[in-house]
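Below is one structure, written out as structure tokens; the observations come after it.
Just so it is clear, the values below take in all heavy atoms, side chains as well, and ignore hydrogens, waters and symmetry mates. Residue numbers begin at 1 in each chain, while the letters A, B, ... track the order of the sequences. Worth saying up front: this structure is predicted, and the values here are computed from it rather than measured.
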Amino acid sequence: MKRRYIDIITDNIIPSNNTYFATQLTKWYQQHQRILPWRATKDPYKIWLSEIILQQTRVAQGLPYYNRFIEQYPTIYDLAAASETEVLRLWQGLGYYTRARNLHACARTVVNQFQGQFPNNYKELLTLPGIGPYTAAAIASIAFKEAVPVVDGNVYRVLSRIFNIEVPINTNKGKHIFNELAQRLIDLTAPDVYNQAIMDFGAIQCTPVKPICISCIFNTSCLAFVMGKQNQLPIKLPNIKSKKRFFHYIIIEIGDELLMSLRKEGDIWAGLYDFYLIEGDKLNEFEQLTDELVDLIKRHQLPIEKKPKLYKHMLTHRTLYALFFRVVATAAFMKEAQVLFKNSEINSFSPESIKLLPKPKLICNFLEEFVYI
DNA sequence: AAAGCGGGGTC
DNA sequence: GACCCAGCTTT
């Protein structure tokens with residue numbers, strides 16, 4: 001009988017139907033598990049919400065957001081009935097805002113096409129917006145006890161160390177091997193407990209830096225620890241270098257209102273509000289900016305106030321440098337400026353209404369520092 | 001396969 | 001500064 005390549009590799013790591021790992025892990029979990037609000041329920045809505053919030057996000061950072069979302073939207077019907085802007089405002093500060101837009105879209109899909117009930121299996125869950133392989137496995141196993149393994153950052157780390165797997169985790173081959181191994185290790189009778197156990201184990205014991213090997217239940221069988229290389233695993237191909245972007249914001253004041261701009265899809269902060277933005281390949285003074293609105297401001301001879309602070313805003317793969325220029329508009333200026341805004345969503349907002357708009361952290365920082373709201 | 005997408009914590 | 005976090009989507 002022909003054996004698949006993947007079986008030969010994983011057979012070499014661990015025989016199929018091995019239960020030692022799951023048994024030990026579950027025993028550890030019963031003593032050390034974290035008490036988290038989404039664990040006190042089997043409501044797929046709450047489990048789904050927690051999983052979306054926790055994508056690339058630490059529990060400590062996501063927890064207050066989870067509580068606010070449950071308070072604001074106790075059921076999926078409440079979430080589906082909200083506006084996308086309202087959902088983004090509640091998501092403000094958490095980052096990766098596509099998650100919030102997909103969260104909202106998914107709620108509406110479940111309400112409109114699934115009668116308000118989440119599909120109860122991995123394959124169907126995978127078709128919903130914002131639900132990928134990890135999240136589908138988490139919901140299917142935790143809410144519906146389907147025996148599909150979760151493979152997240154914790155699982156890559158725990159398995160790569162215990163079984164000394166040196167295949168890079170951010171490659172298709174790596175993903176395939178870790179998935180295959182995880183499928184062999186999962187407790188088929190309690191996949192919900194097992195999946196949460198391995199993630200808690202990664203978060204509490206087998207941490208990214210300085211894992212607590214001294215008290216680890218696997219410290220006699222963990223191949224990485226035995227070889228003293230737990231800090232070298234998992235292997236990850238190097239990330240791309242961080243690129244710089246240079247933002248020049250023009251803040252246009254009309255009376256006590258400010259012009260705010262709704263950011264479009266296809267760039268960072270889609271769906272959030274900032275100011276009129278001129279991007280360049282370097283930082284420029286106002287006079288050097290080549291832009292229609294700048295020309296208009298010059299023609300009307302409106303005074304420019306350059307804010308003294310240069311903002312340096314670090315994202316994972318971007319470093320943003322931002323300068324802010326303030327202009328007090330006249331009626332004549334605005335009449336001409338409206339023409340330039342015809343293809344954008346730029347409107348004036350009072351300080352009170354600006355508070356309610358979803359905004360990037362950079363813009364929040366600026367507004368706070370210059371006491372605009 | 002590679003790139004884009006946030007913000008915060010930690011060393 | 002580098003790395004990581006209960007990853008997903010698009011190209």
- Task: Give a yes/no answer on whether the side chain of A/Y97 brings an N or O atom under 4.0 Å of OP1 or OP2 in B/dG7.
- Result: yes
- Message: For the aromatic rings, using the six-membered ring if either is Trp, is the centroid distance between A/F118 and A/F114 under 6.0 Å?
- Response: no
- Query: What integer distance in Å separates A/L63:CG from B/dG9:P?
  - Reply: 14 Å
- Query: When rounded to the nearest Å, what value does the distance between P atoms of B/dC11 and C/dA6 take?
  - Reply: 15 Å
- Message: Any base atoms under 4.0 Å from A/L103, or only sugar-phosphate, or nothing? Heavy atoms, all strands.
- Response: nothing
- Using the P atoms only, state how far B/dA3 lies from C/dC3, rounded to an integer number of Å. 16 Å
- Query: Picking from A/T189, A/D192, A/N120, what satisfies side chain to side chain donor-acceptor pair (under 3.5 Å) with A/K145?
  - Reply: A/D192
- Query: Taking NZ, NE, NH1 and NH2 as the nitrogens, is one of them in A/K355 or A/E352 under 4.0 Å from a carboxylate oxygen of the other?
  - Reply: yes
- Between A/R101 and A/E265, is there a salt bridge with N-O shorter than 4.0 Å? yes
- Message: Roughly how many Å apart are C/dT10 and B/dG7, using the C1' atom of each and rounding to a whole number?
- Response: 22 Å
- Message: Judged by each residue's nearest nucleotide on DNA chain C, which is more toward the 5′ side, A/Q61 or A/P129?
- Response: A/Q61
- Query: Between A/H313 and B/dG7, does any side-chain N or O lie under 4.0 Å from OP1 or OP2?
  - Reply: yes
- Task: Between A/Y134 and A/L128, name the one whose nearest nucleotide on DNA chain C is closer to the 5' end.
- Result: A/Y134
- Message: Can you work out whether A/N170 or A/K210 has the more 5'-proximal nearest nucleotide on DNA chain B?
- Response: A/N170
- Please confirm whether A/Y249 and A/Y311 have ring centers closer than 6.0 angstrom. no
- Looking across every strand, which nucleic acid part, if any, lies under 4.0 Å from A/T98 by heavy atom: base, sugar-phosphate, or nothing? nothing
- Phosphate-side-chain proximity, A/R318 and B/dC5, N/O vs OP1/OP2 below 4.0 Å: yes
- Query: Between B/dG6 and C/dT11, how far is it from one P atom to the other, in whole Å?
  - Reply: 16 Å
- Should the ring pair A/Y276 and A/F341 be called parallel, tilted or perpendicular, given that the plane angle runs from 0 to 90° and is split at 30 and 60? tilted
- Item | Range on DNA chain C touched by chain A - first to last nucleotide, heavy-atom distance under 4.0 Å | C/dG1 to C/dT9
- Query: Do A/Y134 and A/E51 get their side chains close enough for a donor-acceptor pair, meaning under 3.5 Å?
  - Reply: yes
- Name the closest nucleotide to the A/R245 side chain, picking from B/dC5, B/dG9, B/dA1. B/dC5
- Message: Membership question, hydrophobic clusters at under 4.5 Å side-chain separation (ILVMFWY): are A/F21 and A/L223 in the same one?
- Response: no
- Query: Heavy atom of residues 41-57 of chain A under 4.0 Å from DNA chain B: which residues?
  - Reply: A/Q56, A/T57
- Message: Tell me whether A/L310 at atom CG has more than 12 heavy atoms from other residues, nucleotides or ligands lying less than 6.0 Å away.
- Response: yes
- Message: Does a side-chain N or O of A/K173 approach OP1 or OP2 of B/dA1 to a distance below 4.0 Å, or not?
- Response: no
- Query: Starting at CG of A/N231 and ending at C1' of B/dT10, how long is that distance when rounded to a whole Å?
  - Reply: 14 Å
- Task: Check side-chain hydrogen bond (donor to acceptor under 3.5 Å, both in side chains) between A/Q205 and all other residues, then give those that pass, not counting sequence neighbours.
- Result: A/W28, A/S215
- On DNA chain B, check which nucleotide each of A/Y96 and A/N172 is closest to and give me the residue with the more 5' one. A/N172
